[in-house]
Amino acid sequence: MPIISAFFGIIIRMYFDDHGVAHFHAEYQGEQASFDLNGQLLAGEMKSRTARKLIKDWARLHRAELEANWKRAKKLVPLNQIAPLE
């Protein structure tokens, strides 16, 4: 479960050979959720509106990098780190 980015207490992961639509996983204060590459919540729970907004902003800024990492993960190739939100 490689960590590809971390910012403001939010940890972003992408799993190798994951199933379903392209997505990433985020963890914040013990809550976990999955998001599509546009930052829309797919599953899980993230109660903090601020955390959800930050995740969405980050995903929009790094959409191309997320797509590239999704392709890498499907091929079981090491993932690239993505810059945090500042």
| said: With a sphere of 6.0 Å drawn around NZ of K74, does it hold more than 12 non-hydrogen atoms of other residues, nucleotides or ligands? | reply: yes
| field | Heavy-atom closest pair, residues S5 and A83 | value | OG-O, 3.5 Å
| note | Heavy-atom closest pair (A6 atom, P84 atom, distance to 0.1 Å) is O-CB, 3.2 Å
Which other residues belong to the hydrophobic cluster containing [X], where Ile, Leu, Val, Met, Phe, Trp and Tyr are joined when side-chain heavy atoms lie under 4.5 Å apart, directly or via other members?
{"X": "L42", "answer": "V21"}
{"X": "I12", "answer": "I4, F7, F8, I10, M14, F16, F24, Y28, F35, L37, L41, M46, L54, I55, W58, L61, L66, W70, L76, L79, I82, L85"}
{"X": "I11", "answer": "I3"}

| field | Spacing of CZ belonging to R72 relative to CG belonging to N80, to within rounding of 0.5 Å | value | 4.5 Å
| task | Report yes if the side chains of K56 and R52 come closer than 4.5 Å at any heavy-atom pair, otherwise no. | result | no
| field | Sub-4.5 Å side-chain heavy-atom contact between E27 and R13 | value | yes
| query | Do NZ/NE/NH1/NH2 and the carboxylate oxygens of R63 and E67 come within less than 4.0 Å? | reply | yes
| said: Please check this pair: side chain of N38 against backbone of Q40, looking for a donor-acceptor N/O pair closer than 3.5 Å. | reply: no
